[in-house]
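The structure under discussion appears below in the form of structure tokens.
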Amino acid sequence: MPDHDIFAALRARTIAALAELLPDLPPDAYARVQMEPPRDAAHGDMATNAAMVVAKAAKQAPPKLAAALAEKLAGLPEVAAAAPAGPGFVNLRLREGFLRAQLPVILAEGLRYGDGTAGAGRRVDVEYVSANPTGPMHVGHCRGAVVGDALANLLAKAGYAVTKEYYINDAGAQVQALGYAAYWRYLQALGTTMTEDHYAQLIPGGLQYGGDYLVPVGAALRAEFGESLAAPDATYRFGMLGPDHWLEQVRRFTVDRMMDAIREDLATLGVRHDVFVSEAALVEAGLLEAAEQRLRDKDLIYRGVLEPPKGKTPEDWEPREQTLFRATQFGDEVDRPLRKSDGSGTYFANDIANHLHKLDRGFAELVHVWGADHGGYVKRMQAAVAALSAGTVPLDVVLTQIVHVLKDGQPVRMSKRAGTYVALRDLIEEVGRDAVRFTMLFRKADAQMEFDLTKVVEQSRENPVFYVQYAHARCRSVLRQAGDLPPGDLALAPLDALVDPAELALIRRLTAWPRTVEAAAIAREPHRIAFFLHDLAGDFHVLWNRGREDSTLRFIREDEPLSTRARLALVAATATVLRSGLAVMGVEPVEEMR
RNA sequence: GUCCUCGUAGCUCAGCCGGAUAGAGCACCAGAUUCCUAAUCUGGGGGCCGUGGGUUCGAAUCCCGCCGAGGACACCA
């Protein structure tokens, strides 16, 4: 399939040519050979470092080898000219006919153009969002959700078999606190006269989740269980029954409700996971013990006491014996506790169980999207996966930085209740799903980002969301005017009329799509897709603007049916690649701007 | 104190896992344009790539030290 990637195709041609020149070279000498667009377009369409890379093994001077290689490559049917340059590059200029011939390829493959084989069908699990099910989603979760979703789409396009996974942290103390908070709303729903302060004193850790969003859960609990979970009370009408009688049920009930809400929030973002894995279910299934045993069998577990962290010792530090995992054998700084001094499992232990669960399902690669505040957690998790998989399964972690929400350049205040962030739903309602998704992806994931509510809906070329959407809308507008010929028709159009530099520049850009997908997938960097689309839109807008000044460059010319058809093919191919990229980003291409 | 991420034009950011004279947008300067292919266009100035070393044919990119920003640092999740 990926001979639609003309860079890969010419790279293969180059290696073949080089092998003829240097028959004694082992095949692995060519591993570092690259074929890529040169930085300066004046150098040609493609450049290869081949001569420099193999020079040492070939015992030849790079420029000399480059000259010989250029001579061979010049004879290829795709190549108009080949010349040695600089310290040993070979620059290629492609035949325009070969470039134009990519348009029917694009039109024939449609949205599949750019699909790659880099993933080779390997099964990869992409875990993202995984917000605690203790409340609705807020903007803090949003970036990870969008980046993870786009990354999963990207990997699928690059030929991986992708599973989108959400890990539900429903086993810890926080979820217990959620249960207590929901129970409070339940008592209120029953009509207790107890004060919130009094209730808070009755429960461990106090009332932690005071948000209104649990009020409906309290009502639902009442509808489900009636008065059966409460104690009749002379003073308050309804008092608290011993937690043993209700906490587990309430916790489970509430987590289900929260997950429903989270799923809804994700759906408005256009995010749909394939699999939801419950931490509590893993623990119940005994995976924690299984994981521990697995590590114990490899002699990676011992009882021991950790050193206090150097430099900054917590005040309440005291030596404690814990069950430890030999993370240092896998590149971590210190060994990590699996069990607390009281014998109960740590969060890390549960997370190891989570990863064992992934490995047992046969994934060849694991990917996580985490907030940057979990950066310190990466090494130990990679250590655990390396230990459990005997180093056969890589775990890649993509960290996303904080998003600062602005409006008119001013920071948006967090709502009055401390710790409650802007709800994701409000954000989408204000600016729309597409603007949210595009903007989140128009920046490297690990770079801090400002999200200005005013700017992302601005209709000007300074707004990349608008800029790219507008390019697609213009394409569609032209194609509609021309009567929406099917791509199969346009693929047959003679293309010799496409000679303008701006037209050829656009074609060149289009042909870089497959390699962009592959490179972005390998680097796990979905933002590259956004930047590519921005560049592509730019090339198209340039062409459009030329048509405004010079009517002979317009796409549709009544008097020139031949060039019109050729240009329609170009426009249709452009629209196709734009759609293809937007699909990876999860952004809807618009038919027209309103 | 240790670790992680980062430091690129005045500002916001790219720079394709070592390549040629480091790019884009905004802002600034100079021109063009009132056109329905609406929601501008063309050109220009502007950078010891934080800093000091190292690796090699070649470093913004890889390695080490330092400076600076943000984050994480036993038994939380």
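For a distance-only test at 3.5 Å, the side chain of Arg515(A) qualifies as a donor-acceptor partner of the base of rC16(B). A donor-acceptor contact under 3.5 Å is formed by the side chain of Asn91(A) with the base of rA20(B).
Pro87(A) comes within contact range of at least one nucleobase, with a heavy-atom separation under 4.0 Å. When heavy atoms are screened at a 4.0 angstrom cut-off, Pro37(A) is found touching base atoms of the nucleic acid. Using a 4.0 Å heavy-atom criterion, one finds that Arg339(A) contacts no nucleic acid atom at all. Using a 4.0 Å heavy-atom distance criterion, Ala85(A) is classed as a base contact.
Between Arg380(A) and rC73(B) there is no side-chain N or O to OP1 or OP2 distance below 4.0 Å. Contact annotation: Arg546(A) does not reach the phosphate of rU42(B) (side-chain N/O to OP1 or OP2, under 4.0 Å). Residue Lys379(A) has a polar side-chain atom (N or O) positioned under 4.0 Å from OP1 or OP2 of rC4(B). Between His527(A) and rG15(B), a side-chain N or O to OP1/OP2 separation shorter than 4.0 Å is present. Within the structure, every side-chain polar atom (N or O) of Lys455(A) is placed at least 4.0 Å from both OP1 and OP2 of rC26(B). At rA77(B), one or more side-chain N or O atoms of Lys340(A) fall inside 4.0 Å of OP1 or OP2 (strictly under the cut-off).
Which of rC57(B), rC41(B), rA14(B) sits closest to the side chain of Glu549(A) comes down to rC41(B). Which of rA20(B), rU42(B), rA14(B) sits closest to the side chain of Phe531(A) comes down to rA14(B). For Gln322(A), the side-chain atoms get nearest to rA74(B) when compared with the rest of rC26(B), rG15(B), rA74(B). Closest to the side chain of Asp373(A), from the set rC41(B), rA14(B), rA72(B), is rA72(B). The side chain of Ala47(A) has rA20(B) as its nearest neighbour among rA74(B), rU40(B), rA20(B). Across rA39(B), rA14(B), rC76(B), the shortest atom-to-atom separation from the side chain of Arg443(A) is found for rA14(B). The side chain of Tyr347(A) sits closest to rA77(B) out of rA77(B), rU5(B), rC41(B). Proximity note for Glu462(A) (side chain, C-beta onward) versus rA77(B), rG25(B), rG19(B): the nearest is rG25(B). Nearest nucleotide to the side chain of Asn545(A), out of rA77(B), rC41(B), rG19(B): rC41(B). When distances run from any side-chain atom of Arg548(A) to the nucleotides rC26(B), rC35(B), rC4(B), the shortest one goes to rC35(B).
Both Phe466(A) and Thr48(A) lie close to RNA chain B; mapped to their nearest nucleotides by heavy-atom distance, the more 5′-ward contact belongs to Thr48(A). Residue-to-nucleotide proximity on RNA chain B shows that, of Ser460(A) and Gly547(A), the 5′-proximal contact is made by Gly547(A).
In this structure, NE2 of His534(A) is placed 8 Å from C1' of rA24(B), rounded to the nearest angstrom. Distance NZ (Lys59(A)) to C1' (rC57(B)): 17 Å, rounded to an integer number of Å. Atom CG of Asp550(A) is separated from atom C1' of rC41(B) by 14 Å (rounded to the nearest Å). Rounded to whole Å, atom C1' of rA69(B) lies 11 Å from atom CD of Gln401(A). Put simply, CZ on Phe442(A) is 11 Å from P on rG15(B), counting in whole angstrom units. Regarding Met46(A), its CE atom lies at a distance of 18 Å from the C1' atom of rA20(B), rounded to whole Å. If you measure from atom CG of Asp452(A) to atom C1' of rG25(B), you get 16 Å, rounded to the nearest angstrom. Between Leu399(A) atom CG and rC73(B) atom P the separation is 14 Å, expressed in whole Å.
The gap from the C1' atom of rG45(B) to that of rU5(B) amounts to 35 Å, rounded to the nearest Å. Remark: the separation of the P atoms in rG70(B) and rC63(B) is 24 Å, to the nearest Å. Comparing rU55(B) with rC3(B), their P atoms sit 24 Å apart, to the nearest whole Å. Atom name C1', nucleotides rG71(B) and rG46(B): the rounded distance is 34 Å, in whole Å. Only the P atoms considered, rC49(B) is 14 Å distant from rG7(B), to the nearest whole Å. Between rU21(B) and rG15(B), the two C1' atoms lie 15 Å apart (nearest whole Å). Rounded to the nearest Å, the gap between the C1' atom of rA59(B) and that of rU42(B) is 36 Å. Comparing rU8(B) with rG25(B), their C1' atoms are spaced 15 Å from each other, to the whole Å.
Residues Arg461(A) and His541(A) bring no donor and acceptor atom of their side chains to less than 3.5 Å of each other. In summary, the side chains of Asp550(A) and Thr552(A) do present a donor paired with an acceptor at a separation below 3.5 Å, with no hydrogens or angles considered. Between the side chains of Ser344(A) and Arg339(A), no donor-acceptor pair of N or O atoms lies under 3.5 Å. Side-chain contact of Gln401(A) with Asp446(A): a donor-acceptor pair under 3.5 Å is absent, judged by distance alone. Between Glu279(A) and Asn350(A), the side chains place a donor N or O and an acceptor N or O closer than 3.5 Å (distance only, hydrogens not considered). In the model, Ser580(A) has a side-chain atom that pairs as donor or acceptor with a side-chain atom of Lys157(A) under 3.5 Å.
rU2(B) and rA72(B) make up a base pair, with Watson-Crick or G-U wobble contacts both under 3.5 Å. Base-pair partner of rU56(B): not found among the strands shown (Watson-Crick or G-U wobble, both distances under 3.5 Å). Taking a pair to require two hydrogen-bonding distances under 3.5 Å in either a Watson-Crick or a G-U wobble arrangement, rC41(B) pairs with rG31(B). Nucleotide rU61(B) has no partner under the Watson-Crick or G-U criteria, as no pair reaches both atom distances under 3.5 Å. Across all strands shown, rA24(B) forms a Watson-Crick or G-U wobble pair with rU12(B), both key distances being under 3.5 Å.
By the 4.5 Å heavy-atom criterion applied to side chains, Cys142(A) and Met440(A) are counted as neighbours.
Applying the 5.5 angstrom centroid cut-off and the 30 degree plane-angle cut-off, the aromatic ring of His43(A) is stacked upon the base of rA20(B). By the criterion of a centre-to-centre distance under 5.5 Å and near-parallel planes under 30°, the ring of Tyr470(A) forms no stack with the base of rA39(B).
Classified by interplanar angle (parallel below 30°, tilted 30° to 60°, perpendicular above 60°), the ring pair Phe442(A)/Phe531(A) is parallel. Ring pair Phe555(A)/Phe540(A) is parallel by interplanar angle, where below 30° counts as parallel and above 60° as perpendicular.
A distance of 6.0 Å or more separates the ring centres of His43(A) and Phe89(A).
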